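A quick note: this is a predicted structure, and the numbers were derived from the prediction, not measured. Order of listing sets the numbers, starting from 1, for every ligand and every atom in it. Heavy-atom basis, side chains included; hydrogens, waters and symmetry copies ignored.
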Amino acid sequence: MARDILDLMAAWDGLGVVCRHDRPTGTWIFICLHNDKLGAPTGGSRMKVYPDIADGLEDGMRLAEGMTYKWAGIGVAGGGGKAVLALEKPLEGEERNGLLQRYGELIESLGGRFRTGEDLGTTTEDMNLVAKSTRHVQGFRNGVKINPSPFTAQGVFSGIKAALGVAFGDDSPADRTILVQGVGNVGATLARLLKEAGARILVNDLDAQRAAELAAELGGTPVSNDDLFTTECDVYAPCAIGATLNETTIAQLACKIVGGSANNQLAEAADGERLHERGILYAPDYIINAGGAYSFALLEDGVTEDAEILARMDTIGVTVTEILSEAVRDNETPVAVARRRVERVLEA
Ligand code: NAD
């Protein structure tokens with residue numbers, strides 16, 4: 001295990017990793033700092049049990065890199081960073097609260113070199129607790145921590161419309177079939193927005209009951225895990241976990257567009273090419289899912305009304321349109337176009 005961690009650190013192009021073993025809970029904390037050209041590394045805190053500690057570090061490194069692209073991609077002055085709290089076992093009550101408090105102290109000791117918010121496995125309440133021991137938690141409005149998920153969902157909604165516009169020449173979701181995988185905080189809100197806009201909704205979730213309930217609410221159809229990638233639809237919206245797009249699943253996909261909130265949707269870089277070869281338009285994850293991060297930046301710029309923050313999420317649609325249009329025009333992958341855009345910003 002130690003060897004893997006050293007190999008990962010040696011191969012990484014980031015600034016460095018702050019690593020702490022939290023003895024009372026046995027948790028490994030990795031604060032991965034990827035890039036600070038545009039501002040202090042800023043990204044969410046993921047809490048999860050990993051099969052191996054090195055998997056947690058690798059996840060944190062990939063996610064931190066994604067944050068560098070995310071901030072640069074939407075033109076916000078933030079750096080790439082992400083934290084992983086790799087648990088030995090799920091934690092509850094006092095044990096969990098103690099860990100979060102000590103994690104806050106660790107962030108505070110970095111003096112603003114890392115700023116954070118919620119991510120998979122951490123809640124808005126958790127971030128309130130972390131904020132008791134550090135000033136470097138994002139997303140407070142009048143002293144109250146806000147939940148970024150509705151803004152992320154609105155940004156994905158805007159990005160899906162943009163992709164429909166590029167693929168079909170009409171950005172309306174009306175009568176389009178959209179499969180949302182993972183109907184938690186972001187996915188359920190997204191599904192409701194799409195339904196309101198007239199789309200036919202297909203729903204998949206590891207929690208079959210959650211999927212069935214939302215499908216019933218929206219007059220949609222639940223899709224089983226077995227049928228997930230072969231079900232015909234206009235848009236597949238991954239809003240659950242990363243790496244759902246790989247050589248096997250891309251060969252099965254029966255959609256025209258992929259656009260959803262999950263981070264690191266491509267299992268490997270070649271998957272961007274594979275989607276392109278299959279004629280599937282892919283909205284790069286770190287652009288289309290940037291709404292939550294963007295909402296925090298807007299709050300810090302004094303944009304505090306929900307309605308105005310939601311309206312600003314149209315920026316994400318504009319960016320997705322620019323990237324996908326350029327990709328279609330030049331017969332390139334959207335991944336390559338987005339990457340070039342980000343590099344231009346970082347170099348400038
Ligand atoms: P969540 O935990 O509220 O919801 C995730 C849902 O996915 C749950 O319903 C869960 O049962 C389901 N799920 C988990 N594994 C699954 C699988 N293998 N197949 C199908 N369903 C599965 O999380 P969320 O806040 O809605 O975030 C969803 C995704 O979007 C995550 O990947 C997250 O990193 C990403 N994201 C979220 C935000 C945000 O603002 N919340 C911002 C950017 C990116």
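Put simply, the side chain of Thr27 never gets that close to the backbone of Asp22: no donor and acceptor are under 3.5 Å apart. Checked by atom type and distance alone, the side chain of Asn264 never pairs as donor or acceptor with a backbone atom of Ala243 at under 3.5 Å. Between the side chain of Asn128 and the backbone N or O of Glu125, no donor-acceptor pair lies under 3.5 Å. No donor-acceptor pair closer than 3.5 Å links the side chain of Asp119 to the backbone N or O of Ser45.
Taking any N or O of Asn225, backbone or side chain, none lies under 3.5 Å from an N or O belonging to ligand 1. Residue-to-ligand polar distances place Ala240 within reach of ligand 1: an N/O pair is separated by less than 3.5 Å. In terms of polar-atom proximity, defined here as any N/O pair under 3.5 Å, Lys70 makes no such contact with ligand 1. When only interatomic distances are considered, the shortest N/O to N/O separation between Ile241 and ligand 1 does not fall below 3.5 Å. Below 3.5 Å of separation, one finds no N or O of Asn289 facing any N or O of ligand 1.
Contact atoms of ligand 1 toward Gln181: 19 (N), 20 (C) (distance under 4.0 Å to a heavy atom of the residue). Distances below 4.0 Å separate heavy atoms of Asn263 from the following atoms of ligand 1: 32 (O), 34 (O), 44 (C). Ligand 1 places these atoms under 4.0 Å from at least one heavy atom of Leu120: 31 (C). The distance from ligand 1 to the heavy atoms of Arg46 drops below 4.0 Å at these ligand atoms: 34 (O). Near Cys239, meaning under 4.0 Å from any of its heavy atoms, are these atoms of ligand 1: 28 (C), 29 (C).
At the shortest separation from atom 35 (C) of ligand 1 among protein heavy atoms lies Ser261 O, 3.3 Å. In this structure, the protein non-hydrogen atom closest to atom 41 (N) of ligand 1 is Ser149 OG, 3.2 Å. Looking at atom 4 (O) of ligand 1, its nearest protein heavy atom turns out to be Gly184 CA, 3.2 Å. When hydrogens are left out, the protein atom nearest atom 3 (O) of ligand 1 is Asn185 N, 2.9 Å; that is the closest non-hydrogen contact. Closest to atom 8 (C) of ligand 1 among all protein heavy atoms lies Arg210 NH1, 3.2 Å. Val186 N, 2.8 Å is the protein heavy atom nearest to atom 26 (O) of ligand 1.
For the pair Lys48/Val84, no side-chain contact is recorded, criterion being any heavy-atom separation below 4.5 Å from C-beta on.
With a 6.0 Å cutoff to the six-membered ring centre and a 45° limit on the axis angle, Arg115 does not count as a cation-pi contact of Phe296.
For the side-chain contact (heavy atoms from CB on, under 4.5 Å) with Leu275, the qualifying choice from Thr333, Leu266, Leu281 is Leu266, the only one to do so.
Checked for salt-bridge contact, Arg192 and Glu196 miss the test: no charged N lies under 4.0 Å from a carboxylate O. Note on Arg62 versus Glu58: no salt bridge recorded, every NZ/NE/NH1/NH2 to OD/OE distance being 4.0 Å or above. For the pair Arg339 and Glu332, the salt-bridge criterion is not met [side-chain N within less than 4.0 Å of a carboxylate O].
If you check each of Leu206, Asp207, Val223, Asp205 against atom 11 (O) of ligand 1, the one with the closest non-hydrogen atom is Asp205.
Residue Thr152 touches ligand 1 through its side chain alone, judged by heavy-atom distances below 4.0 Å. Contacts of Glu118 with ligand 1, taken as heavy-atom pairs under 4.0 Å, are absent altogether.
Summarising the geometry, atom CG belonging to Leu87 is positioned 14.0 Å from atom CH2 belonging to Trp28; distances are rounded to the nearest 0.5 Å.
Listed here is the closest heavy atom pair of Leu8 and Met61: O-CE, 3.6 Å.
No heavy atom of Gly292 sits closer than 4.0 Å to any atom of ligand 1.
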